[in-house]
Amino acid sequence: MTVDGGSIATTTLLTDGSTDALAVPVAPARAGDDALRPLGGTAEAAARYGVDLAEIGERAGLTGAAGEIYVLQLPRPVGSSVTLPWSGLPPRLVLVGVGSGRPADLRRAGAALARSSRGLRQVVTTLGAEAHQDDSASATAARAVAEGYLLAAYVPPTSSTSGGPARDAAELVLLGRDGRRTAAAVSEGRTAATATWLARDLATTPSSTKTPAWLADQATRLGTEAGLEVVVRGTRELTAEGFGGILAVGAGSASPPRLVTVSWTPPTAGGRHVVVVGKGITFDTGGLSIKPREAMVPMKTDMTGAAVALATVLGAAAAGVAHRVTAVLPLAENHVGGASYRPGDVLTMWGGTTVEVANTDAEGRLVLADALAWADATLDPDVLVDVATLTGAATLGLGKQYAALYSGDQELADALVAAGDASGELAWHMPMVEEYEDAVASQVADLRHVPVDKHIGGGSITAALFLRHFVGARRWAHLDIAGPARAASDKHEITEGATGFGARLLLRYLDDLR
């Protein structure tokens with residue numbers, strides 16, 4: 001992806017044979033008007049191609065809605081002496097709806113353009129390059145288009161040995177931009193999209209490959225290549241240091257658990273220290289409280305929280321954020337075996353808190369509790385965030401587009417919600433209902449990790465209340481991403497399967513943190 005300061009009238013990219021399509025933006029008609037509104041470069045494109053875009057829009061029933069695409073395939077007569085207006089220009093003219101023109105709509109427009117350009121070499125576009133925009137607005141628009149395009153251009157890894165390779169989207173040139181600020185914004189969009197791609201890649205990898213040891217190796221390789229500090233704890237270290245939750249969850253598997261930390265320290269001191277703890281269950285059978293078959297199918301993605309935490313620290317390093325960032329990845333496979341932990345067991349977590357187990361399929365909060373307690377006591381974070389595909393209850397309450405956000409710190413919650421709005425990864429601040437605290441009380445241990453009384457409900461809330469016991473007095477937030485971490489189909493910048501939700505939100509939060 002590149003930025004070009006030229007215009008449709010002056011650039012050589014449209015006449016040198018390197019470009020397969022020119023994409024121009026259109027918006028919905030204004031009140032009282034029936035015609036689409038041509039935006040930056042559209043009138044120039046119509047003039048160069050000699051076409052009536054208003055008539056085309058009316059004939060095709062275009063509305064200008066965000067992400068609407070219409071491809072005008074222009075004929076190339078062979079053996080004719082007739083010179084057509086578009087001779088020498090790219091053979092495709094693409095009209096792209098931009099809706100309101102806000103960043104969310106421009107991301108959708110960029111995503112639609114990516115999907116319509118698969119198999120092409122290069123696409124030139126004026127999306128977001130409005131003449132009336134100031135530098136700041138122009139940079140924001142360019143970043144949104146770049147993010148949407150790159151996110152929708154994602155091709156998931158595959159082990160298929162049949163058929164041809166998936167068609168990549170074309171190389172994109174953003175026309176009509178100049179200045180370092182716009183180029184920097186596009187670079188920021190690329191960093192955010194790259195982080196999301198990594199989270200998707202890791203979550204998509206089958207669990208036959210993705211054991212805790214394999215995921216720890218990936219974190220080590222990627223962290224080391226980026227110049228970050230990486231520490232891996234295996235079974236011996238976890239046992240010696242008392243990580244009772246991680247060890248119990250991983251006990252039934254032939255693949256032993258790990259705890260990985262990956263740390264970015266900026267060259268200039270003075271920023272905050274943000275620790276991101278990500279749930280890393282590389283496969284979840286439910287343990288002895290075994291899941292139904294249908295519920296088990298997507299469980300290779302139950303380590304998405306760890307993937308997001310790793311992508312966040314790598315993205316922070318790539319962007320050179322001014323804050324220390326540490327990713328903490330508790331990794332385990334929740335399997336069924338002779339050594340599996342049982343309902344009714346009492347576990348001693350890191351730091352000494354005892355927990356009564358009621359359901360081995362609520363394993364995520366156990367590995368998080370260990371990691372959070374350890375991070376609170378040993379890493380001294382200014383901000384502690386955990387991210388996890390934790391509860392089906394969050395999906396029932398908020399659907400597939402919002403993460404459930406819990407925090408007793410209103411300023412932190414507001415900052416994360418704002419980062420979600422800016423990045424397009426939405427979060428809803430949920431209540432920590434104090435009356436539900438009895439749900440995690442136990443008669444045989446310090447805590448019970450799921451409620452005794454099934455009539456309490458609010459399973460996402462009670463999970464957050466349980467985790468709160470392990471964060472001390474830290475500024476802490478919990479992101480339950482069970483809903484938006486997976487998608488049943490492509491939609492806008494979201495791709496089918498693992499979505500990588502959370503990486504862009506957290507990177508935007510770090511970028512805005514002061």
Side-chain angles (χ1 to χ4, degrees), residues 1-4 11 13-14 16-26 41 45 66-74 89-99 103-129 141-158 160 163-177 183 185-201 203-204 311 423-424 487 489-501 503-504:
M1 179 174 294
T2 57
V3 175
D4 189 301
T11 183
L13 294 174
L14 301 181
D16 65 5
S18 65
T19 300
D20 291 327
L22 169 64
V24 292
V26 294
E68 183 179 62
I69 288 282
Y70 183 78
V71 179
L72 184 62
Q73 184 74 42
L74 299 161
L89 294 172
R92 295 173 183 84
L93 182 61
V94 185
L95 304 185
V96 187
V98 297
D105 282 353
L106 289 174
R107 270 193 297 271
R108 292 183 175 189
L113 182 56
R115 291 198 171 94
S116 69
S117 69
R118 290 198 181 278
L120 304 183
R121 294 172 301 165
Q122 181 171 274
V123 171
V124 171
T125 186
T126 58
L127 276 176
R143 174 170 178 166
V145 172
E147 279 189 1
Y149 191 89
L150 291 170
L151 290 168
Y154 173 76
V155 177
T158 178
S160 174
R167 296 190 304 163
D168 293 332
E171 174 68 18
L172 186 67
V173 179
L174 299 178
L175 196 64
R177 333 299 150 110
V186 170
S187 179
E188 290 166 357
R190 184 184 292 109
T191 297
T194 299
T196 303
W197 280 28
L198 173 61
R200 290 175 180 175
D201 279 350
T204 301
S423 66
S489 61
D490 292 345
K491 186 176 182 180
H492 306 310
E493 65 265 36
I494 300 303
T495 52
E496 180 181 356
T499 67
F501 183 100
R504 288 188 291 133

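The analysis underlying the following values was restricted to heavy atoms, covering all of them including side chains, and did not include hydrogens, waters or symmetry mates.
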Mind listing the closest non-hydrogen atom pair of [X] and [Y] along with its distance?
X: Pro156; Y: Thr204; value: CB-CG2, 4.4 Å
X: Gly97; Y: Ala109; value: O-CB, 3.5 Å
X: Ser117; Y: Tyr149; value: OG-OH, 3.0 Å
X: Gly67; Y: Ala112; value: O-CB, 3.2 Å
X: Arg118; Y: Tyr154; value: NH2-O, 3.4 Å
X: Ala195; Y: Ala311; value: O-CB, 3.3 Å

Sequence neighbours excluded, which residues qualify as salt bridge (Lys or Arg N to Asp or Glu O under 4.0 Å) partners of Glu188? Arg143

For Arg107, salt bridge (Lys or Arg N to Asp or Glu O under 4.0 Å) partners two or more places apart: Glu147, Glu493

Given 3.5 Å as the limit, does a donor-acceptor pair link the side chain of [X] with the main chain of [Y], or not?
X: Thr19; Y: Pro90; result: no
X: Arg200; Y: Leu151; result: yes
X: Ser116; Y: Leu113; result: yes
X: Arg115; Y: His492; result: yes
X: Arg177; Y: Val3; result: no
X: Ser187; Y: Ala183; result: no

After noting the C-alpha distance and the side-chain angles of Val24 and Leu95, does the key distance pass the side chain to side chain contact (heavy atoms under 4.5 Å, CB included) rule? CA-CA 5 Å; Val24 292; Leu95 304 185; 3.6 Å; yes

Can you find a heavy atom in the side chain of Leu106 that is under 4.5 Å from one in the side chain of Val98? yes

Starting at [atom1] of [X], measure out to [atom2] of [Y] and round the result to the nearest 0.5 Å.
X: Leu127; Y: Asp105; atom1: CG; atom2: CG; value: 11.5 Å
X: Leu150; Y: Trp197; atom1: CG; atom2: CH2; value: 6.0 Å
X: Leu74; Y: Arg92; atom1: CG; atom2: CZ; value: 10.0 Å
X: Leu13; Y: Leu89; atom1: CG; atom2: CG; value: 12.0 Å
X: Thr125; Y: Leu175; atom1: OG1; atom2: CG; value: 8.5 Å

Option passing side-chain contact (heavy atoms from CB on, under 4.5 Å) with Val186 (candidates Leu172, Leu174, Thr191): Leu174

